[in-house]
Amino acid sequence: MMATSLGATLSLLKVRGPVRIFCRYRYKKKWATSYVGPSGPRLALQYFDMNYSAQFGDVWPSVRIGLLSEQKYGALINHFSGTEDTAHRLGSLGVTDFLQEARTAEAESPGTMSEALRSSRITCYTFPRGDISRFPPARSSPLGLLEYYLLDAASLLPVLALNVRPEHRVLDLCAAPGGKTLALLMEDCRYLGVNDASISRSNRLRRVLHSYVPPERRTEERLRVTTWDGTQWGEEGLYDRVLVDAPCTTDRHSLHHEDNNVFSRLRVRERQRLPLLQTHLLLSGLRAVVPGGDVVYSTCTLSTLQNECVVEGALGLAASEYGVHAEVQDLRSVREIFSRTFNFHLECRIGELVLPQLTANYGPLYLCKLRRLR
Ligand SMILES: C[S@@+](CC[C@H](N)C(=O)[O-])C[C@H]1O[C@@H](n2cnc3c(N)ncnc32)[C@H](O)[C@@H]1O
């Protein structure tokens, strides 16, 4: 029996005066090896409160509420599905194509994204600001392909920033489960290399490709799926565009899900090593792209250590270790063009960061574009 319940019993029995509690009734907390401790989401929130309140100052409370609230989705239209009425049906829900809106904004103040935006074939519907309605599940078209893919609309920004053209060879280095891969396929390119080190996640990616992409577009000459370690990438100077959508602390996932939570007690070392892994993946991307080609580095964390610091570290190492020189490209126009749809952080030293906020609860999404010079 615990000391407290013993005390309660004695008071019920109306025992007065000092009470001696025998040793055997004293409660002592046991720190056995089986003690599990606070859950992953709780540890994640503690960590974010400590680090992000310093990083974001007054902005953190509103970002925190956004992160803890339900995320908003966009519907990436599958142009391969062959259905004509998807746009009409979705339009009746009150959604609009945020890229079309961005084109209108861009016409007023043309910038470096103009060309990418004009030539992009991506269509993605989103509900208006402040509207938290959900999309119905995608239907299968008569061709047996799903009509749209639901994803965080901000995750299309790295694909748009890549500015993929039909003559390009493109590498998606960390691709599973495949949202950005599908967007890259909508853009059309000569060849797409799709890679992810995780076999189970790559199998999920393969299932996504089967559900969205017709077999004639999945031939080996145009699309290759590999499960290699991206840090050991062997191909040098082969691609015109490389997307490095790196593994990270996946801030939103970590706050909401216990499973596969990188803040769990058993994954401390893995979490601490993330910036190193990210730096090596970005290094591989910089080596795999041709001189004059572009690499986009992206994550879904707010952490400066995993974003700006990784970019700076990889740029330094690429030059000193491999003689690969690259420079950061200005993406301010992304912020200007898409500010109607997303909330951007205004104080990013390098790259751009979409901040979750209740009015437009997308992100976090960090992106930085690098051009290899030599
Ligand atoms: C942020 S997720 C990618 C999300 C994906 N781009 C999308 O849009 O659906 C990061 C991915 O990196 C993969 N990954 C982790 N370490 C890797 C490595 N060394 N090489 C290649 N991929 C790796 C993980 O398996 C995970 O699927």
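Just so we're clear, the structure is a prediction, and the values are computed from it rather than from any experiment. As the structure lists them, so they are numbered: ligands from 1, and atoms in each ligand from 1. What you see below is based on every heavy atom in this structure, not just the backbone, and it leaves out hydrogens, waters and symmetry mates.
Residue-level contacts of ligand 1 at the 4.0 Å heavy-atom threshold are L173, C174, A175, A176, P177, G178, G179, K180, N195, D196, A197, S198, R201, W228, D229, G230, D245, A246, P247, L277, L281.
Using cut-offs of 30° and 60° for the angle between ring planes, the W233 and W228 rings count as tilted. The aromatic rings of F135 and F127 sit tilted, their planes meeting at an angle between 30° and 60°. Using the six-membered ring where Trp is involved, F342 and Y362 have ring planes that are perpendicular, over 60° apart on the 30 and 60° scheme.
Electrostatic pairing of E235 and R224 counts as a salt bridge here, judged by a charged N lying under 4.0 Å from a carboxylate O.
For the salt bridge (charged side-chain N to carboxylate O under 4.0 Å, His left out) condition, the pairs that include at least one residue of residues 45-63, sequence neighbours left out, are D49-R64.
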Please determine whether salt bridge (Lys or Arg N to Asp or Glu O under 4.0 Å) holds for the pair E236 and R287, giving the CA-CA distance in whole Å, both sets of side-chain angles, and the decisive distance to 0.1 Å.
CA-CA 5 Å; E236 301 254 353; R287 295 173 66 195; 2.4 Å; yes
